[in-house]
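Here's the structure we're looking at; comments come further down.
Just so it is clear, the values below take in all heavy atoms, side chains as well, and ignore hydrogens, waters and symmetry mates. Computed from a predicted structure; not experimentally measured.
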Amino acid sequence: MTQASSAHVDTFTRDHLPPAEMWPVLEFTLPELQYPGMLNAGAVLIDGAVAEHGASRPALRTPDGTTWSYGELQKHANQAAQVLTEDFGVIPGNRVLLRGPNNPWIVAAWLGVLKAGAVVVTTMPILRSSEVATLLRLTRPVLAISDHRFLDEMVLAAGDDVTVVPYGGPGADDFVALCATKSGEFTNVETAADDVALLGPTSGTTGTPKVTMHFHRDILANADTFARHILQPTPDDVFAGSPPISFTFGLGGLVVFPLRFGASSLLTERAGPVELAEHAAAAGVTILFTAPTAYRAILKAGRGDLLTRLRIAVSAGEHLPKETWEAVYNATGVRLVNGIGSTELLHVFISASGKDIRPGTTGLAVPGYRATILDEEGNEVGPNQAGRLAVIGPTGCRYLDDERQANYVVNGWNVTGDTFIRDEDGYFIYQARSDNMIISSGYNIGAPEVEAAIDQHPDVVENAVVARPDPERGSVVCAFIVLRDGVDADEAKRKEIQDFVKATIAPYKYPRDVHFVSELPRNPSGKLQHFKLRDRLELENDQLAGAAATQP
């Protein structure tokens, strides 16, 4: 874990790694995980692909018919690295924040940052300025590159502290225009395999996101485990999916995996489930990544035929019920590949494919990883006993200067916050989240962050947020709100608060379900009892189910 050979001149990320004794155990048990000491993931992914598969193969596609070959992507990545170093003075170890939807230039910029030896900070364009400002404060980038359509919030968040460069718009100062002035030839910075390459913020569970730190070798390791052994991609595969590249789930499935194996990727900036499936079918997509919610929506629309040409359909981001797996299989013949991963470990570490798939289970530990179930004292439990899912492998949790590192790493294990059981055959079966994270339509939503946003409304005295089970989205955000005296608890106020939250934090986090109450349940010491609100929702669901069962 020493970094004596680090290429970083700006040592911020190395200086803010957690103490070595707080790291999880890291294991490199497969031959393909034996990386050299000096390694630049950006160079491996694009330069290595060009060398192995040729410059003319398609790399990136978009629904409008645009296609970038591997050679074109390599040139644009090199141009991006030239602009960063020559025009903005970026040095190895500097952080560069990227803000944009899934499109080719965000991929070129991502590769260019790595080639320049800098550190990528990823963020979604739908985050509000206050959320982006928090990430800027935590990661301290020297430069932010933003899609021109999302520039206002970016500039507002950056203020005078961070230089903001638009891309994809008009003007000579646009990042794409600056790239066009460069030769496309760049000498990659020779980074260490354990130099930090990526800072990936998680959804905040206490109002402040945790920032995960990933090395150059980590970026390749998730391709050389889950992708190599479960998906088994070939250069003829075409990847597509719904997750943003700013999520590590999307980054792996749409950038790292296809480039690692010489395949191509269809990038859609924004598409609903059916539209995504239509684009995928038209482009000949063979490997699709999306959440169970999306697969259900496609079937509900009667468009299961759009999935029949897929070689592999991956379901992750939320729990995949056995009923959904069976519905997709019966309608399309496609056997969904289930999986669970985390931002802390970059991608999926439990899954199964082909004959190893058992509907209703998440799967087995992916080759290169091992997993177990721990009780509350951190001891391993036997088969069919519920406990906390714990994982060890070539990637692991390292938070940027965050005391919550001690909660995620227990006795060397990465403890994910999910309750599972493991059966006698080693298959892991999901039970529930064991923390206050709400997973809705594949998005991780921190309940305290939503509570903090609701509390800012002038008519709110206090509130509590929990997950309400939902057949379409897995869960939805449910808020119990106490209003100040004299304020009407009506539908107009409900919508007003929902719109207020949408304007305060990312819109997907708003409470779809709002209950106005006179008080919130608390224990004798005054601590809010979220479990009683969950029990209330469960009782209401049972009553509704009972009423429905008695209908003629």
Got more than 12 heavy atoms from elsewhere within 6.0 Å of [atom1], [X]?
X: E275; atom1: CD; result: yes
X: D499; atom1: CG; result: yes
X: D64; atom1: CG; result: yes
X: R149; atom1: CZ; result: yes
X: E185; atom1: CD; result: no

Residue pair Y408, K210: steps toward the side chain to side chain contact (heavy atoms under 4.5 Å, CB included) verdict: CA-CA 11 Å; Y408 202 94; K210 301 181 286 287; 5.7 Å; no
Chi angles and distances behind the side chain to side chain donor-acceptor pair (under 3.5 Å) call for E344, T202: CA-CA 8 Å; E344 286 83 358; T202 69; 5.0 Å; no
Relative to each other, are the rings of [X] and [Y] parallel, tilted or perpendicular (30° and 60° limits)?
X: Y369; Y: F349; answer: tilted
X: Y70; Y: H53; answer: tilted
X: F226; Y: F289; answer: perpendicular

Least distance between heavy atoms, S129 atom then A157 atom: O-CB, 3.3 Å
Gap separating the CG atom of L288 from the CG atom of L276, nearest 0.5 angstrom: 5.5 Å
Verdict with reasoning, R260 to D224, per salt bridge (Lys or Arg N to Asp or Glu O under 4.0 Å): CA-CA 9 Å; R260 183 64 165 157; D224 290 334; 2.8 Å; yes
Intermediate values then yes/no, side chain to side chain contact (heavy atoms under 4.5 Å, CB included), V132 and M154: CA-CA 7 Å; V132 178; M154 185 70 248; 3.7 Å; yes
Pair H216 + Y35: ring centers closer than 6.0 Å: no
Side chains of D237 and L231 in contact at under 4.5 Å (non-hydrogen atoms): no
Within-4.5 Å side-chain heavy-atom neighbours: L267 and I106: no
Non-neighbouring partners of H8 that pass ring-ring contact (aromatic ring centres under 6.0 Å, His included), sequence neighbours left out: none
Pairs touching residues 238-251 that satisfy side-chain hydrogen bond (donor to acceptor under 3.5 Å, both in side chains), sequence neighbours left out: S242-T290
Pairs where residues 165-180 contributes a residue and the test side-chain hydrogen bond (donor to acceptor under 3.5 Å, both in side chains) is met, not counting sequence neighbours: N103-Y167
